[in-house]
Student: 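There's a structure below that I have some questions on.
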Amino acid sequence: MNLSLSISTAEILSACLFSAERIVAEVMGTRGEKLETQFFHIEALINRATTEGKAIDLVVVDCGPGSFTALRAGIAFGKGLAAGLGARVITVSAEELTASVAQEREAPSRAKLVALGYISGTINESPEDHHLVHSF
């Protein structure tokens with residue numbers, strides 16, 4: 001079973017490791033923490049996946065809405081991470097998913113929102129998803 005990793009830098013950094021059936025783990029940065037140090041939180045998720053002998057084959061990056069600089073950093077980080085892992089990378093707007101997972105009791109992080117969209121089948125990969133990845 002391969003895993004996917006969703007990343008959001010639109011607000012506070014959040015990342016979620018998930019399979020087609022469930023969320024495996026998630027991490028979240030803290031308000032006020034510099035973005036470049038928050039990326040170390042993602043290392044914990046990657047280490048967990050590789051420790052369990054699983055590969056990350058898809059990196060999904062939140063493309064907004066949000067601060068241009070934060071989104072640009074997140075997409076660039078996602079592209080670099082995917083290249084290093086040998087994974088595919090796409091972008092998804094978390095805003096489009098808000099209504100579809102409104103039944104969640106907790107307010108999910110944006111990365112978890114994207115993961116739930118994949119698990120529920122709300123998000124399906126399409127060629128249109130690739131436009132932002134290739135523009136950076």
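These numbers were taken from a predicted model, which means no experiment stands behind them. Every heavy atom of this structure was used, including side-chain atoms; hydrogens, water molecules and symmetry mates were not.
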Student: Going by heavy atoms in the side chains, are L17 and I46 under 4.5 Å from each other?
Tutor: no

Student: Kindly indicate whether the side chain of L5, heavy atoms from C-beta on, has any atom under 4.5 Å from the side chain of L58.
Tutor: no

Student: Can you name the closest pair of heavy atoms from S19 and L3 and give their distance?
Tutor: CB-CD2, 3.8 Å

Student: Any side-chain to backbone donor/acceptor pair from S14 onto A111? Under 3.5 Å, distance only.
Tutor: yes

Student: How many angstroms lie between CG in L116 and CZ in R22, if you round to the nearest 0.5 Å?
Tutor: 13.5 Å

Student: Does any N or O in the side chain of S6 come within less than 3.5 Å of the main-chain N or O of V114, such that one atom is a donor and the other an acceptor?
Tutor: no

Student: Could you state whether I12 and I42 fall into the same hydrophobic cluster, counting links through intermediate Ile, Leu, Val, Met, Phe, Trp or Tyr residues with side-chain heavy atoms under 4.5 angstrom apart?
Tutor: no

Student: Among the clusters formed by ILVMFWY side chains lying less than 4.5 Å apart, do I7 and L85 turn up in the same one?
Tutor: yes

Student: Given the rule in the side-chain contact (heavy atoms from CB on, under 4.5 Å) test, do N2 and I56 qualify, once you have shown the distances and angles that lead to the verdict?
Tutor: CA-CA 6 Å; N2 289 335; I56 296 173; over 6 Å; no

Student: Going by side-chain contact (heavy atoms from CB on, under 4.5 Å), name the residues that satisfy it together with A44, two or more places apart in sequence or in a different chain.
Tutor: none

Student: Which residues pass the side-chain contact (heavy atoms from CB on, under 4.5 Å) test with I119, sequence neighbours left out?
Tutor: F18, I23

Student: Heavy atoms only: give me the nearest M28-S109 pair and the separation to one decimal.
Tutor: CE-CB, 4.0 Å

Student: Taking all heavy atoms of H41 and all of L13, pick out the closest pair and write down the distance.
Tutor: CB-CD2, 4.5 Å

Student: Do V89 and V61 come close enough that some side-chain heavy atom pair is under 4.5 Å?
Tutor: yes

Student: Mind running side-chain contact (heavy atoms from CB on, under 4.5 Å) on V60 and Y118 for me, showing each step along the way?
Tutor: CA-CA 10 Å; V60 186; Y118 266 86; 3.9 Å; yes

Student: So which heavy atom on R110 is nearest to which on P65, and how close?
Tutor: NH2-O, 3.0 Å

Student: Can you sort out the partners of S8 under side chain to side chain donor-acceptor pair (under 3.5 Å), two or more places apart, ordered by chain and number?
Tutor: D62

Student: Taking C-beta and beyond as the side chain, do C63 and L71 meet within less than 4.5 Å on heavy atoms?
Tutor: no

